[in-house]
Amino acid sequence: MTIAPSQSAGSEAWSDTRLLYALEEVVETEIDRHIRAAKEWMPHEYVPWSQGRDFDGVMGGEAWAPEQSKVTEIGRISLVVNLLTEDNLPSYHHEIATLFGRDGAWGTWVHRWTAEEGRHAIVMRDYLLTTRAVDPVELERLRMHHMSEGFESDNAHSMLHSVAYVAFQELATRISHRNTGRESGDPLCERMLARIATDENLHMVFYRNLLAAALQLAPDQTMQAIRDVVVGFRMPGHGMPGFERSAARIAIGGIYNLRIHHDDVLQPVLRHLKVLETQGLGPEGLKAQEELGFFMGELDSQARKFEERRDALLARRAARV
């Protein structure tokens, strides 16, 4: 793998077009690695079809009721959020295809990633409906509302910002799926989400390695992009109906919260890339690095405060019971 020499501090910034061209060989290498590591799997094999039966409506079956679900309440909330996020794949594909292009190695990755992500929505919906884990009418109405609103990434203005974002976001999604499975109360659900999480981890490695190459190629710009993404990070499902309330319950339930975000998502990527130890930065890169370090310290403090409030809340709930 060869990478063009990085530009010196104070020189003209790298354009998206130049960066896409300069990183093409890295993308080729990462696609080859990804294909070797990825294991083919079939969504239908993770769905207990024998548990399925007709719903009410045109089939004249049985209406859904909460007691039919084997999944815990917090598991249902998180599963719906996770599935609605996966459902917006057409919008995500449009975003990255527009930014990265449909030709060459970049295009190959865009289509491969989209195909793999498509499995996730397929298997999750089949599992949820077959096992009657969630209300199918509410689920479909939420899907229609969420997808009808469309999606616009916070980072669509910049190729570097987009790469930095997905390096963290794919890991965040992996953690959310794994923790949802553990909290679901259903071993079949946990096995399915663990399979999805394995894909998300491979996607994270692809983008993380690409971000590492960008950090070598354009250190100041990449450092600024990492700072911006970390400070302003939002999950892609933030625009779905009732997201804030669902996110709060998911946080209290231990599936995804500030502590997990700091310890299990941001820190591992930053440590792997040695972001806060990167040398040879120009003034803007150094400023971004310092601001990033300060933010991480503040986020750790916020996470401790959240844990204290959560523990107090759970103690009060336990006392009432």
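The model shown is predicted, which means the values in this text are computed figures rather than measured ones. Note that the numbering runs from 1 along the sequence shown for the chain.
In this structure, a donor-acceptor pair under 3.5 Å is absent between the side chains of Y127 and W49. Looking at N82 and S176, their side chains do bring a donor and an acceptor atom within 3.5 Å of each other. Judged by distance alone, the side chains of E86 and H177 do bring a donor and an acceptor atom under 3.5 Å apart. Checking T173 against Q169 by side-chain atom types alone, a donor-acceptor pair falls below 3.5 Å. Side chains of E170 and W113: a donor on one and an acceptor on the other come within 3.5 Å. A donor-acceptor pair shorter than 3.5 Å cannot be found between the side chains of Q221 and E284.
More than 12 heavy atoms of other residues, nucleotides or ligands sit less than 6.0 Å from atom CZ of F295. Within a 6.0 Å sphere centred on CG of D54, other residues, nucleotides and ligands contribute more than 12 heavy atoms. Heavy-atom contacts from other residues, nucleotides or ligands closer than 6.0 Å to CZ of R141 number 12 or fewer. Within a 6.0 Å sphere centred on NE2 of H34, other residues, nucleotides and ligands contribute more than 12 heavy atoms.
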Given E24 and V27, is the side-chain contact (heavy atoms from CB on, under 4.5 Å) satisfied, shown in steps?
CA-CA 5 Å; E24 180 95 12; V27 175; 5.7 Å; no
Run E308 and R304 through salt bridge (charged side-chain N to carboxylate O under 4.0 Å, His left out) and show every step you take.
CA-CA 6 Å; E308 292 170 359; R304 283 198 299 271; over 6 Å; no
Show your reasoning for whether salt bridge (charged side-chain N to carboxylate O under 4.0 Å, His left out) applies to D264 and R259.
CA-CA 8 Å; D264 300 336; R259 175 52 62 201; over 6 Å; no
Run the numbers on D220 and Q224 for side-chain contact (heavy atoms from CB on, under 4.5 Å), then give the verdict.
CA-CA 6 Å; D220 285 352; Q224 292 173 76; 4.2 Å; yes
Go through Y256 and V265 one step at a time and tell me if the side-chain contact (heavy atoms from CB on, under 4.5 Å) criterion holds.
CA-CA 10 Å; Y256 199 92; V265 177; 3.5 Å; yes
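One distance of note links CE of M296 with NE2 of H262; it measures 4.0 Å at 0.5 Å rounding. The line from CG of L273 to CD1 of I226 is 6.0 Å long, rounded to the nearest 0.5 Å. Rounding to the nearest 0.5 Å places CE of M159 at 6.0 Å from CZ of F100. Note that CD of Q302 is 12.5 Å distant from CD of E307, once rounded to the nearest 0.5 Å. How far CG of L171 is from NE2 of H261: 10.0 Å, rounded to the nearest 0.5 Å. One distance of note links CE of M204 with CZ of F168; it measures 10.5 Å at 0.5 Å rounding.
Judged by a 6.0 Å distance limit and a 45° cone about the ring axis, R112 is not positioned over the six-membered ring of F206.
Side-chain atoms of W106 come within 3.5 Å of backbone N or O of L20 as a donor-acceptor pair. A donor-acceptor pair under 3.5 Å links the side-chain atoms of T278 to the main chain of V275, judged by distance alone. In this structure, the side chain of T72 engages the main chain of E183 through a donor-acceptor pair within 3.5 Å. Side chain of S162 to main chain of N155: a donor-acceptor pair is present (N/O by atom type, distance under 3.5 Å, no hydrogens or angles).
Ion pair E73/R249 flagged as a salt bridge, since at least one NZ, NE, NH1 or NH2 atom sits closer than 4.0 Å to an Asp/Glu carboxylate oxygen.
Not less than 6.0 angstrom separates the ring centroid of Y207 from the ring centroid of Y165.
Checked against R227 for a side-chain hydrogen bond (donor to acceptor under 3.5 Å, both in side chains), the options Q289, E291, E290 give a single hit: E291. A side-chain contact (heavy atoms from CB on, under 4.5 Å) with L128 is found for exactly one of V134, V80, D135, V71, namely V134. Exactly one residue among N88, D87, T85 makes a side-chain hydrogen bond (donor to acceptor under 3.5 Å, both in side chains) with H146. That residue is N88.
A 4.5 Å side-chain heavy-atom check between R174 and H203 finds every atom pair outside the cut-off. Proximity of H44 to D126: side-chain heavy atoms (C-beta onward) are nowhere separated by under 4.5 Å. Using a 4.5 Å heavy-atom cutoff, the side chains of R119 and W41 are in contact.
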